[in-house]
Student: 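Provided herewith is a single structure, encoded as structure tokens, for subsequent inquiry.
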Amino acid sequence: MIWNWEYAADILPVLLEHFVRYSLVATLLGSVLAAVLGLVFAIVRYVRVPVLAPLTTGFIEFVRSTPLLVQLFFLFYVLPGFGITMSPLVTGVLALGVHYACYYAEVYRAGIDGVPKGQWEATTALSIPARYTWQNIVLPQALRRVLPALGNYAVSMFKETPFLALITVPELVQTASSLGSRNFRYIEPFTIAGLIFLLASYPTALALRKMENRLGQ
């Protein structure tokens, strides 16, 4: 099979459109959900909120020990049986966000643990309110340390968006497959899809590595 530049030029806009509308949107919204939910999980566990802390720990271990695909299918196929129905894209964002929130929580916890104990003791000695301590002393330092790790997980999430095709989300790889089946040509759509993933994730990985080196200095 010989590469057809004319066909490649015809399908490129379609692939880019589905990349932006589905793959990129699912990654961005999933990352926001994971960042917020992961931080809540980390704080609940760190301050050992009664009842919630052990429940959160159990939930994190459960999610981290089961495949993303199982969680995705559970949300999409099982929840409607309980009257909870969501669109495929919303289901995908929720699955990615909750799955990665459990990994983000561990990263946040490592960052919080990295705050010197002397600062905790000083805030206690000065009777500084807990909310002020978290907002202005602990979290700014912890987040600065964990930003590269959070970014790496966001890149991993981006590379797992093709799983969403299994619940009928027309993301980039699903679109490449459909175009290939429709025209009986697979080399162009899958090559372009791979290049789009490469061009989106590799510069991000390099930027994160540079940030990690700078923060480590």
Side-chain angles (χ1 to χ4, degrees), residues 24-68 71-72 74-75 79 82 84 86 90-160 201 203-217:
L24 199 56
V25 166
T27 303
L28 292 176
L29 294 180
S31 296
V32 171
L33 178 60
V36 174
L37 196 57
L39 183 59
V40 172
F41 287 166
I43 293 175
V44 166
R45 295 181 68 189
Y46 195 85
V47 300
R48 297 176 183 172
V49 178
V51 183
L52 284 181
L55 288 176
T56 302
T57 300
F59 180 75
I60 288 174
E61 293 303 323
F62 172 77
V63 171
R64 283 163 56 97
S65 303
T66 54
L68 171 62
Q71 297 157 21
L72 194 62
F74 184 88
L75 292 176
L79 286 189
F82 296 93
I84 303 173
M86 297 175 285
V90 171
T91 303
V93 169
L94 185 60
L96 289 172
V98 172
H99 183 83
Y100 276 91
C102 295
Y103 290 92
Y104 278 33
E106 294 301 308
V107 175
Y108 283 131
R109 192 174 65 163
I112 294 169
D113 283 340
V115 176
K117 289 185 179 178
Q119 295 190 23
W120 289 100
E121 294 169 357
T123 58
T124 303
L126 296 172
S127 301
I128 296 176
R131 184 175 179 181
Y132 183 92
T133 300
W134 279 97
Q135 284 184 346
N136 299 285
I137 299 173
V138 176
L139 290 183
Q141 297 181 69
L143 292 177
R144 183 172 177 271
R145 288 190 176 92
V146 304
L147 273 180
L150 296 182
N152 284 327
Y153 275 124
V155 172
S156 297
M157 183 190 300
F158 171 62
K159 290 188 287 188
E160 289 190 334
S201 61
T204 307
L206 286 180
L208 290 170
R209 200 174 304 160
K210 190 173 290 186
M211 183 191 301
E212 195 170 5
N213 292 334
R214 185 176 298 175
L215 292 176
Q217 291 176 350

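Just the heavy atoms: all of them, side chains too, but no hydrogens, waters or symmetry mates, feed the values below.
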Student: Please table the atom pairs, donor to acceptor, closer than 3.5 Å between any side-chain atom in residues 24-35 and protein atoms at least two apart or in another chain.
Tutor:
residue, atom, partner, partner atom, Å
Thr27, OG1, Ser23, O, 2.8
Ser31, OG, Thr27, O, 2.7

Student: Output the distance between atom CG (Leu72) and atom CG (Leu75), rounded to the nearest 0.5 Å.
Tutor: 7.0 Å
Student: Excluding sequence neighbours, so at least two apart, what forms side-chain hydrogen bond (donor to acceptor under 3.5 Å, both in side chains) with Tyr104?
Tutor: none
Student: Taking all atoms of both residues into account, what is the closest heavy-atom pair of Ile60 and Ala105, and its distance?
Tutor: CD1-CB, 3.9 Å
Student: Can you name the side chain to side chain contact (heavy atoms under 4.5 Å, CB included) partners of Thr124, sequence neighbours left out?
Tutor: none
Student: Which residue pairs pass the salt bridge (charged side-chain N to carboxylate O under 4.0 Å, His left out) test when at least one of the two sits in residues 119-143, sequence neighbours left out?
Tutor: none
Student: Which residue pairs pass the salt bridge (charged side-chain N to carboxylate O under 4.0 Å, His left out) test when at least one of the two sits in residues 50-66, sequence neighbours left out?
Tutor: none
Student: Quick test of your reading: applying salt bridge (charged side-chain N to carboxylate O under 4.0 Å, His left out), list the pairs with at least one residue in residues 24-42, sequence neighbours left out, ordered by first then second residue.
Tutor: none
Student: Identify the two heavy atoms, one from Val115 and one from Arg145, that lie closest to each other, and give their separation to 0.1 Å.
Tutor: N-NH1, 4.0 Å
Student: Listed by chain and number, what are the side chain to side chain contact (heavy atoms under 4.5 Å, CB included) partners of Leu126, not counting sequence neighbours?
Tutor: Ile128
Student: At what distance, to the nearest 0.5 angstrom, does OG1 of Thr133 lie from CG of Leu139?
Tutor: 10.5 Å
Student: Run the side-chain hydrogen bond (donor to acceptor under 3.5 Å, both in side chains) test against Gln141 and tell me which residues pass, sequence neighbours left out.
Tutor: Gln119
Student: Output every pair passing ring-ring contact (aromatic ring centres under 6.0 Å, His included) with a member in residues 105-127, not counting sequence neighbours, ordered by first then second residue.
Tutor: Tyr46-Trp120, Trp120-Trp134
Student: Measuring only between side-chain heavy atoms, which start at C-beta, is Tyr103 closer than 4.5 Å to Asn152?
Tutor: no
Student: Would you please name every residue forming a side chain to side chain contact (heavy atoms under 4.5 Å, CB included) with Leu52, sequence neighbours left out?
Tutor: Val44, Val49
Student: Just wondering, do Cys102 and Phe62 contact through their side chains at under 4.5 Å, heavy atoms?
Tutor: no
Student: Quick one: CZ on Phe41 to CG on Leu55, what's the gap to the nearest 0.5 Å?
Tutor: 11.0 Å
Student: Is any side-chain heavy atom of Val155 closer than 4.5 Å to one of Lys159?
Tutor: yes
Student: Please enumerate all residues that pass side-chain hydrogen bond (donor to acceptor under 3.5 Å, both in side chains) together with Thr66, with sequence neighbours excluded.
Tutor: Gln71
Student: Would you please test Tyr100 and Val107 for side-chain contact (heavy atoms from CB on, under 4.5 Å) and show each step?
Tutor: CA-CA 11 Å; Tyr100 276 91; Val107 175; over 6 Å; no
Student: What salt bridge (charged side-chain N to carboxylate O under 4.0 Å, His left out) pairs are there with at least one residue in residues 43-52, not counting sequence neighbours?
Tutor: Arg45-Glu106
Student: Could you tell me the separation between the CD1 atom of Ile43 and the OG1 atom of Thr56, rounded to the nearest 0.5 Å?
Tutor: 11.5 Å
Student: Do Ile112 and Val146 make a side-chain contact, defined as non-hydrogen atoms from C-beta onward lying under 4.5 Å apart?
Tutor: no
Student: Kindly compute the distance separating CG (Leu39) from CG (Leu150), expressed to the nearest 0.5 Å.
Tutor: 9.5 Å
